[in-house]
Amino acid sequence: MDDPAVREDIVQEAIAKFFLYQAKSGIAVTSVSGLLRRISLDLARDYYRRRRRSRDVELSDDLPCQAASAQQQLEQRQLLEIIVGVVKGMPRLRREVFFRRRLERQSAREVAEALGISPGAVDAHIARAVLDLHRTLEKIEKRGGTL
């Protein structure tokens, strides 16, 4: 994937889908990195399929997926723990808006009606939630990527 914004969107959506899966299923995930990799791969395939349909681009459905080393798995778990902490640290309403918009793919109007707030407030909560996540990722990058 050449576009960093698309990569970032896929990562954010994968994390959100992971949280939703855990919240709704109640099943303990034994391989967080494996599930995140699977979700990310599915999202990337969906992206390429949509892009192919809209632009008639010939792309393979077989995307390479290399197994992560033990160090990479540890770093992925640590990153997930940090992100979970950021999400848990969000005010309840912001977290609820974030999950409804990003995981359940509800429109701003649907979320606003369900929560009794304006669509503008929904957008503001999403912007703040994404900013919280970006700031955390920037801090990690500034430390040289070490968690």
Side-chain angles (χ1 to χ4, degrees), residues 1-55 59 61 63 65-68 70-147:
M1 229 168 269
D2 297 335
D3 187 353
V6 172
R7 286 193 306 263
E8 186 175 301
D9 287 346
I10 287 174
V11 168
Q12 286 181 8
E13 190 170 348
I15 291 167
K17 282 183 180 282
F18 172 80
F19 286 130
L20 182 64
Y21 172 79
Q22 272 197 310
K24 287 190 175 184
S25 72
I27 298 171
V29 177
T30 56
S31 176
V32 173
S33 62
L35 181 56
L36 280 172
R37 189 178 308 110
R38 177 81 262 154
I39 293 169
S40 298
L41 181 60
D42 290 345
L43 290 170
R45 284 185 176 147
D46 290 345
Y47 167 78
Y48 280 118
R49 286 180 185 137
R50 282 190 309 272
R51 188 171 136 184
R52 180 178 31 206
R53 272 187 238 126
S54 67
R55 297 183 187 169
L59 296 172
D61 282 334
L63 298 175
C65 182
Q66 297 175 350
Q71 178 65 29
Q72 289 171 323
Q73 289 177 5
L74 175 63
E75 289 173 0
Q76 289 171 352
R77 276 195 198 107
Q78 290 172 337
L79 178 59
L80 182 61
E81 288 173 10
I82 291 168
I83 291 171
V84 167
V86 171
V87 173
K88 283 183 177 180
M90 290 178 186
R92 184 198 56 77
L93 182 59
R94 184 180 306 164
R95 189 174 50 243
E96 179 72 17
V97 169
F98 180 75
F99 281 127
R100 286 176 180 260
R101 286 286 285 141
R102 292 296 174 113
L103 279 99
E104 297 174 9
R105 297 189 178 271
Q106 293 179 354
S107 70
R109 183 179 299 156
E110 291 171 326
V111 174
E113 288 174 5
L115 300 176
I117 59 178
S118 71
V122 169
D123 292 339
H125 280 292
I126 291 297
R128 289 183 188 122
V130 170
L131 185 60
D132 290 344
L133 292 168
H134 281 282
R135 284 182 179 152
T136 300
L137 294 174
E138 281 180 0
K139 288 178 186 174
I140 292 169
E141 288 177 4
K142 285 180 182 176
R143 293 190 314 217
T146 58
L147 303 174

Should Leu79 and Leu137 count as side-chain neighbours, where that means a heavy-atom distance under 4.5 Å?
yes
To the nearest 0.5 Å, tell me how far Glu104 CD sits from Lys17 NZ.
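NZ of Lys17 is found 10.5 Å from CD of Glu104.
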Side chain to side chain contact (heavy atoms under 4.5 Å, CB included) against [X], all qualifying residues, sequence neighbours excluded:
X	value
Asp46	Arg49, Arg50
Val84	Phe19, Leu80, Lys88
Glu113	Arg109
Asp42	Arg38, Arg45

Determine which pairs satisfy salt bridge (charged side-chain N to carboxylate O under 4.0 Å, His left out) with at least one residue from residues 93-102, sequence neighbours left out, and list them in order.
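Sorted result for residues 93-102: Arg94-Asp132, Glu96-Arg100.
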Do you know the tightest heavy-atom contact between Leu43 and Ile10?
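The pair with the smallest heavy-atom distance is CD1-O, 3.6 Å.
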Closest heavy-atom contact between Ile126 and Phe98?
CD1-CA, 3.6 Å
Tell me the side-chain hydrogen bond (donor to acceptor under 3.5 Å, both in side chains) pairs involving residues 115-131, sequence neighbours left out?
none
The side chain to side chain donor-acceptor pair (under 3.5 Å) partners of Glu81 (sequence neighbours excluded) come to none
Decide yes or no on side-chain contact (heavy atoms from CB on, under 4.5 Å) for Val97 and Ile117, but give the supporting numbers first.
CA-CA 10 Å; Val97 169; Ile117 59 178; 4.0 Å; yes
